[in-house]
*Asks:* 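Pasting a structure below so you can have a look.
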2 protein chains.
Amino acid sequence: MAVDIPDVVVRRLPTYLRALRQLADDNVDFVSSHQLGERLHVTPAQIRKDLSYFGRFGKQGRGYNVQLLITDLDQILGLDREWETILVGVGRLGRAIIGYPGFSPEGFNLSAAFDSDSEVVGQEISGTLVRHTSDIPLFTQNNRVDIAILAVPARAAQLVADDLIRNGVHSFLSYAPIPLEVPRGVYVRSLDPILAMEEMTFYLRDSERGGWK
Amino acid sequence: MAVDIPDVVVRRLPTYLRALRQLADDNVDFVSSHQLGERLHVTPAQIRKDLSYFGRFGKQGRGYNVQLLITDLDQILGLDREWETILVGVGRLGRAIIGYPGFSPEGFNLSAAFDSDSEVVGQEISGTLVRHTSDIPLFTQNNRVDIAILAVPARAAQLVADDLIRNGVHSFLSYAPIPLEVPRGVYVRSLDPILAMEEMTFYLRDSERGGWK
DNA sequence: GAGTGTGAATTTCTTCACAGCT
DNA sequence: AGCTGTGAAGAAATTCACACTC
């Protein structure tokens with residue numbers, strides 16, 4: 001049972017995994033924390049320390065076996081299984097998400113899409129049938145839902161999330177530009193372009209042409 | 001000249017600003033760090049400390065004047081002006097971004113969109129003409145570009161970024177699921193759904209039904 | 001010889017606690 | 001009386017540095 005892993009560590013693991021997969025594609029067998037760190041702009045010590053929370057994966061003098069470490073990280077991150085996801089909100093962004101080919105290779109299966117607009121309900125988009133949001137309770141009763149992806153307008157996001165939580169969903173990837181208010185034990189990750197942009201403008205603010213760091 | 005502001009602080013400011021705007025909409029005149037912190041699940045001390053990096057905005061015994069603090073944060077974050085942005089990649093995601101109504105109220109003006117697919121070049125989407133990526137040099141010569149939003153496939157992202165950097169763009173919001181390799185002085189913020197999902201599955205991994213925190 | 005794993009040192013970030021202003 | 005702003009304390013994260021293993 002994972003006990004006391006700092007959040008920042010968990011946040012870095014997927015990036016390590018991605019770099020390792022790339023190395024594997026390039027038929028690299030072993031990689032040192034130094035080499036990996038160079039690729040990712042992370043110090044070698046950080047990589048070693050991060051991994052040490054989970055076990056001992058390296059070989060002294062050699063580094064890490066790429067394939068083995070991929071397998072281990074897959075298991076640590078829970079990527080050695082399928083995750084059932086649903087999408088709520090089938091507007092322009094929702095459609096882009098449905099059609100996004102990146103989820104399925106990682107084990108994320110989009111099992112259903114929901115919208116409240118009767119215009120779009122009943123349509124099949126990129127192979128997924130769009131259901132009415134009022135069908136959510138029935139669907140969650142009969143189907144496993146591990147993660148809900150929210151692509152609804154800001155004003156609807158909280159209500160939709162509340163509804164999903166009531167129906168047993170406790171993990172969200174939200175594209176809505178508002179902070180969702182959720183009870184303890186519900187996990188939310190937010191992808192908010194506005195927050196990201198506003199953070200950038202701070203650094204851009206008084207730097208016409210480079211060199212503000 | 002802003003000197004030594006921790007990154008984490010800058011990352012929180014936009015969330016404060018957002019909450020303050022909401023309070024302003026509700027005609028709240030003054031807010032204490034305690035009240036604001038409660039809304040955002042942040043400790044009052046953190047808010048006070050964060051703001052103290054930039055000046056003294058509060059009134060003892062009263063808290064912060066909401067309107068005034070909004071104005072100050074707007075200025076601190078550089079949101080008291082227009083920012084010229086361009087979009088590269090007009091696929092499904094790119095179209096969603098072009099149509100997203102959230103950017104313009106924050107002062108982000110999408111001045112052009114680019115794609116390499118001749119099918120879409122020349123089309124006007126949500127009022128923005130799509131140009132060919134080969135027009136980027138000419139465009140950047142004649143127009144200010146503060147931030148480029150990348151919505152291109154992973155395999156194209158690095159090349160597109162390199163090209164833009166050569167043409168003087170040094171700030172990116174990237175939706176591509178790869179870590180962009182950029183020279184010093186170029187700022188990249190990445191919105192990567194896969195990384196976010198993989199972080200979540202770690203916490204979900206061995207918790208069927210809540211309580212893993 | 002090369003590179004891990006890890007306590008210890010260091011740096012960074014957060015919280016405390018209170019003097020001082022309104 | 002109430003709440004800010006901030007040094008100082010405390011906690012967390014990162015980096016160092018080296019004993020140890022392959």
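Lettering follows sequence order; numbering is per chain, from 1.
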*Asks:* Val8(A) side chain: which of dT15(C), dT6(C), dA13(D) is closest?
*Replies:* dA13(D)
*Asks:* So Gln158(B) and Asp162(B), side-chain hydrogen bond (donor to acceptor under 3.5 Å, both in side chains) or not? Walk me through it.
*Replies:* CA-CA 6 Å; Gln158(B) 186 65 59; Asp162(B) 291 345; 2.9 Å; yes
*Asks:* With nearest nucleotides of DNA chain C determined for Gln60(A) and Lys49(A) from heavy-atom distances, which residue corresponds to the more 5′ nucleotide?
*Replies:*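 Taking each residue's closest nucleotide, the earlier one in sequence belongs to Gln60(A).
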*Asks:* Between Val9(A) and Ser32(B), which residue's closest nucleotide on DNA chain D lies nearer the 5′ terminus?
*Replies:* Ser32(B)
*Asks:* OP1, OP2 of dC22(D) versus side-chain N and O of Tyr64(A): anything below 4.0 Å?
*Replies:*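 No, because none of the side-chain N or O atoms of Tyr64(A) sits under 4.0 Å from OP1 or OP2 of dC22(D).
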*Asks:* At 4.0 Å (heavy atoms only), tell me whether Gly61(B) reaches a base, stays on the sugar-phosphate, or touches nothing.
*Replies:*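 Base contact - Gly61(B) has a heavy atom under 4.0 Å of at least one base atom.
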*Asks:* In this structure, how many angstroms lie between the P atom of dA11(D) and the CD atom of Gln46(B), rounded?
*Replies:*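 Rounded to the whole Å, the gap is 16 Å.
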*Asks:* Expressed as a whole number of angstroms, how long is the span from Asp4(A):CG to dA11(D):C1'?
*Replies:* 12 Å
*Asks:* More than 12 heavy atoms of other residues, nucleotides or ligands under 6.0 Å from CD of Glu82(A): is that the case?
*Replies:* yes
*Asks:* With a cut-off of 6.0 Å (strictly less than), are more than 12 heavy atoms of other residues, nucleotides or ligands near CZ of Arg62(B)?
*Replies:*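 At most 12 heavy atoms, drawn from other residues, nucleotides or ligands, come within 6.0 Å of this atom.
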*Asks:* Expressed as a whole number of angstroms, how long is the span from Ile47(A):CD1 to dT6(C):P?
*Replies:*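 So the two atoms are 16 Å apart, to the nearest Å.
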*Asks:* Answer yes if the side chains of Tyr64(B) and Gln35(B) hold a donor-acceptor pair under 3.5 Å, and no otherwise.
*Replies:*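 Looking only at side-chain atoms, Gln35(B) and Tyr64(B) do not form any donor-acceptor pair under 3.5 Å.
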*Asks:* Check whether any side-chain nitrogen or oxygen of Ser33(A) sits under 4.0 Å from OP1 or OP2 of dG3(C), and answer yes or no.
*Replies:* no
*Asks:* Let's see if you can work this out: which of dT4(D), dT15(C), dA8(C) has an atom nearest to the side-chain heavy atoms of Arg48(B)?
*Replies:* dT4(D)
*Asks:* Regarding Arg56(A), tell me which of base, sugar-phosphate or nothing describes its non-hydrogen contacts under 4.0 Å with the strands shown.
*Replies:* sugar-phosphate
*Asks:* Could you state the atom-to-atom distance from CG of Leu69(A) to P of dG3(C) in whole Å?
*Replies:*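 Between P of dG3(C) and CG of Leu69(A): 16 Å.
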*Asks:* Any side-chain to backbone donor/acceptor pair from Asn143(A) onto Phe139(A)? Under 3.5 Å, distance only.
*Replies:*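 Yes, Asn143(A) side chain to Phe139(A) backbone: donor-acceptor pair under 3.5 Å.
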*Asks:* I want to check one thing: is the phosphate of dT14(C), taken as OP1 and OP2, less than 4.0 Å away from some side-chain N or O of Thr43(B)?
*Replies:*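 It does not, given that no N or O in the side chain of Thr43(B) lies less than 4.0 Å from OP1 or OP2 of dT14(C).
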*Asks:* What is the distance from CZ of Arg62(A) to P of dT21(D), rounded to the nearest Å?
*Replies:*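 Computing the Arg62(A):CZ to dT21(D):P distance gives 18 Å.
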*Asks:* Grab the NZ-C1' distance between Lys59(B) and dT22(C) for me, whole Å please.
*Replies:* 9 Å
*Asks:* Which nucleotide sits closest to the side chain of Ser52(B): dG5(D), dG5(C), dC3(D)?
*Replies:*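 Nearest to the side chain of Ser52(B) among the choices is dG5(D).
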*Asks:* CG of Asp72(A) versus P of dG5(C): gap in Å, rounded?
*Replies:* 11 Å
*Asks:* In this structure, how many angstroms lie between the C1' atom of dT12(C) and the CZ atom of Arg11(B), rounded?
*Replies:*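 Atom-to-atom, Arg11(B) to dT12(C), this comes out as 15 Å.
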